[in-house]
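Worksheet: one structure, shown below.
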Amino acid sequence: PYLTYNSLLKETRSFDFADLINITYKKILEDSNLGKLAKEKFEYLLIDEYQDFNRVQEALLKSFMGKKSKLMVVGDKNQSIYGFRGSDVTIFDNFDRNFSDVKTYYLKKNYRSTKKVISLSNSFFSLERKEAVKPNEDLNDGPKNLDGTLLQAVKYPDTLTEAKENVLYIKDLYDKGKLKRYSDAAIIFRSVKGGAKDYIKELKKLDMPFEVIGDGGLLEEEYIIELLNCFQQVINEQDISNDYWKIKIEHNKIKPSISKGPLQVFYS
């Protein structure tokens with residue numbers, strides 16, 4: 001399948017993400033003029049999420065490093081999560097050995113987490129003193145971090161029980177006035193597509209308003225499915241005559257499944 005996939009890419013003159021890196025690097029190696037251009041074109045290079053670099057990306061970066069180039073990378077090795085697809089955190093660790101005249105700056109001040117979250121993170125990662133993150137204590141920068149509440153780790157027998165208990169917990173906070181709006185609560189999943197189904201069921205059961213972000217592609221959105229259904233009903237009534245499409249449609253053949261909002265207007 002992988003070889004077939006690559007053959008299809010070649011046939012359709014298409015690139016995937018890996019090609020953008022591999023083919024670019026290969027061309028720079030093969031073409032001396034292109035190699036010269038790569039080294040001279042950019043004076044300043046900035047790389048974000050450097051902890052997720054792989055070896056080919058590192059080689060491509062070096063092919064852009066000329067005599068006058070200045071490089072800055074930003075990253076956190078404790079956030080390296082792409083080892084399964086080739087990233088190598090030792091590239092981050094060895095940055096000062098791979099490049100000359102390196103200066104390291106630790107961005108240790110946290111502006112957005114509570115003190116108890118910061119403390120737990122430092123303990124979890126066993127960060128050294130020079131690396132440990134600290135709350136924002138500088139009044140010139142903004143307000144100090146709140147103390148916050150202790151985090152809880154709860155084990156549930158199954159995902160349905162987990163969803164029920166957490167949705168009830170949010171409702172209880174709202175009913176007691178600890179949440180001003182339901183939108184003040186967020187449920188974060190490793191995979192929204194894989195983990196949100198039971199939560200959505202429980203939220204609907206209790207008639208609680210919610211928004212799901214990142215649960216699939218555009219074509220999986222409910223309103224897009226409805227639009228496509230509408231177009232399908234039009235297509236089902238079509239006639240093909242000569243070289244053009246002749247659309248025949250009878251008003252009573254379209255049965256809207258949504259009675260309000262923009263789609264209702266669209267069906268009308």
For [X], which residues count as a salt bridge (charged side-chain N to carboxylate O under 4.0 Å, His left out) partner, sequence neighbours excluded?
{"X": "Asp147", "value": "none"}
{"X": "Glu131", "value": "none"}
{"X": "Glu162", "value": "none"}

Taking distance alone, no hydrogens or angles, what donor-acceptor pairs closer than 3.5 Å link side-chain atoms of residues 88-98 to residues at least two apart or in another chain?
from	atom 1	to	atom 2	distance (Å)
Asp88	OD1	Thr90	N	3.0
Asp88	OD1	Thr90	OG1	2.6
Asp88	OD2	Arg55	NE	3.4
Asp88	OD2	Arg55	NH2	3.0
Asp88	OD2	Thr90	OG1	3.1
Thr90	OG1	Arg55	NH2	3.2
Asn94	OD1	Arg97	NH1	3.0
Asn94	ND2	Thr90	O	3.1
Asn98	ND2	Glu58	OE2	3.1
Asn98	ND2	Asn94	O	3.4

Check which hydrophobic residues are tied to [X] through side-chain heavy-atom contacts below 4.5 Å, counting indirect links as well, and list them.
{"X": "Val154", "result": "Tyr156"}
{"X": "Ile81", "result": "Tyr82, Phe84"}
{"X": "Tyr111", "result": "none"}
{"X": "Val117", "result": "Leu120, Leu151"}

### Query
Which heavy-atom pair separates Ser63 from Ala38 by the least distance, and what is that distance?
O-CB, 3.8 Å

### Message
Rounded to the nearest 0.5 Å, what separates atom NZ in Lys27 from atom CG in Asn22?
### Response
13.0 Å

#### Entry: All side chain to side chain contact (heavy atoms under 4.5 Å, CB included) counterparts of Ala132, not counting sequence neighbours
Asn122, Leu127

Would you give me the side-chain donor-acceptor pairs under 3.5 Å for residues 65-74, sequence neighbours excluded?
from	atom 1	to	atom 2	distance (Å)
Ser69	OG	Gly66	N	2.7
Lys70	NZ	Glu43	OE2	3.0
Lys70	NZ	Lys68	O	3.4

### ring-ring contact (aromatic ring centres under 6.0 Å, His included) involving Phe15 - partner list, sequence neighbours excluded
none

Can you give each donor-acceptor pair under 3.5 Å made by side-chain atoms of residues 178-189, sequence neighbours left out, with the distance rounded to 0.1 Å?
from	atom 1	to	atom 2	distance (Å)
Arg181	NH2	Asp184	OD1	3.0
Asp184	OD2	Arg181	N	3.4

### Task
Classify the side-chain pair Asp198/Thr159 by whether it contains a donor and acceptor separated by less than 3.5 Å.
yes

Side-chain ([X]) to main-chain ([Y]) donor-acceptor, under 3.5 angstrom:
{"X": "Ser119", "Y": "Lys115", "value": "no"}
{"X": "Gln57", "Y": "Asn54", "value": "yes"}
{"X": "Thr24", "Y": "Leu20", "value": "yes"}
{"X": "Gln51", "Y": "Asp76", "value": "yes"}

#### Entry: Heavy-atom side-chain proximity of Tyr25 to Leu29 below 4.5 angstrom
yes

